[in-house]
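Below is one structure; the comments refer to it alone.
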Amino acid sequence: MKLTLYTSAFCEPCMQTRAVLAEASRLVPEASVTELDIARNEDRAEADGIRVTPTVIVSTAAGEEVFRAEGVPTLAQVLVAAAKALPVD
């Protein structure tokens, strides 16, 4: 499962989002968090349709998007999305 965080410099909500994702990855060890600065990753941000920062995308290991949050998501939102993104045994 992948958690992708799009950020920008001097983004206060981005710092709050980092904390939410850090706690989510602590609770869900299968989570892989990637942070991308939109200024340094313009092509990928454009391809993913990023309009604001922070934006969090939760995807399955295969890359299927199951959740997107523009702004600071709650821990509960990320954990529910993580459950949807994890494979069912």
Side-chain angles (χ1 to χ4, degrees):
M1 181 205 26
K2 304 172 190 175
L3 303 171
T4 305
L5 168 60
Y6 283 95
T7 63
S8 56
F10 308 110
C11 170
E12 179 67 30
C14 294
M15 291 187 282
Q16 296 167 350
T17 303
R18 278 186 203 100
V20 170
L21 296 186
E23 181 64 8
S25 66
R26 185 184 74 76
L27 295 170
V28 183
E30 297 87 347
S32 167
V33 179
T34 302
E35 182 173 336
L36 300 170
D37 183 299
I38 60 167
R40 293 187 179 126
N41 298 279
E42 289 180 43
D43 292 341
R44 182 152 173 205
E46 185 176 327
D48 279 345
I50 304 304
R51 299 176 298 170
V52 299
T53 59
T55 295
V56 175
I57 299 174
V58 179
S59 306
T60 65
E64 177 187 351
E65 183 177 321
V66 297
F67 176 77
R68 179 181 291 240
E70 294 180 341
V72 182
T74 66
L75 179 59
Q77 288 175 314
V78 175
L79 293 176
V80 168
K84 292 178 183 177
L86 289 172
V88 177
D89 290 336

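Computed from a prediction, not measured in an experiment: that's the story for all the values here.
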For residues 2-60, pull every pair meeting disulfide bond (SG atoms under 2.5 Å apart), keeping only residues two or more places apart or in separate chains.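 Every disulfide bond (SG atoms under 2.5 Å apart) pair that includes a residue of residues 2-60, provided the two are not neighbours, is C11-C14.
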If the condition is salt bridge (Lys or Arg N to Asp or Glu O under 4.0 Å), which residues does [X] pass it with, not counting sequence neighbours?
X: R40; result: none
X: E70; result: R51
X: E23; result: R26
X: E64; result: none

When rounded to the nearest 0.5 angstrom, what is the spacing between [atom1] in [X] and [atom2] in [Y]?
X: E42; Y: D37; atom1: CD; atom2: CG; result: 9.5 Å
X: D43; Y: D48; atom1: CG; atom2: CG; result: 11.0 Å
X: L21; Y: E35; atom1: CG; atom2: CD; result: 8.5 Å

Starting from F10 and following side-chain heavy-atom contacts under 4.5 Å between hydrophobic residues (I, L, V, M, F, W, Y), which residues can be reached?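 None; F10 is a cluster of one.
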Kindly give the cluster partners of I57, where membership spreads through any ILVMFWY side chain lying under 4.5 Å from a current member.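 Y6, L36, I38, I50, listed by chain and number.
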With sequence neighbours left out, write down each residue that passes side-chain hydrogen bond (donor to acceptor under 3.5 Å, both in side chains) with [X], or none if nothing qualifies.
X: T53; result: S8
X: S25; result: none
X: E30; result: none

What residues, two or more places apart in sequence or in another chain, satisfy side-chain contact (heavy atoms from CB on, under 4.5 Å) together with E12?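 With sequence neighbours excluded, E12 shows a side-chain contact (heavy atoms from CB on, under 4.5 Å) to M15, Q16, given in chain and number order.
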Provide the closest heavy-atom pair for A31 versus M1 in the form atom of the first, atom of the second, distance.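 Shortest heavy-atom contact: CB-CE, 3.2 Å.
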Same apolar cluster (I L V M F W Y, side chains within < 4.5 Å links), V56/L27: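 V56 and L27: one cluster.
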Hphob cluster co-occupancy, V52 + L5, side-chain heavy atoms under 4.5 angstrom: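 As far as the 4.5 Å side-chain criterion goes, L5 and V52 are not connected within one cluster.
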Identify every side-chain donor-acceptor pair in residues 76-88 under 3.5 Å, counting partners at least two apart or on other chains, and give the distances.
residue	atom	partner	partner atom	Å
Q77	OE1	T74	N	2.8
Q77	OE1	T74	OG1	3.4

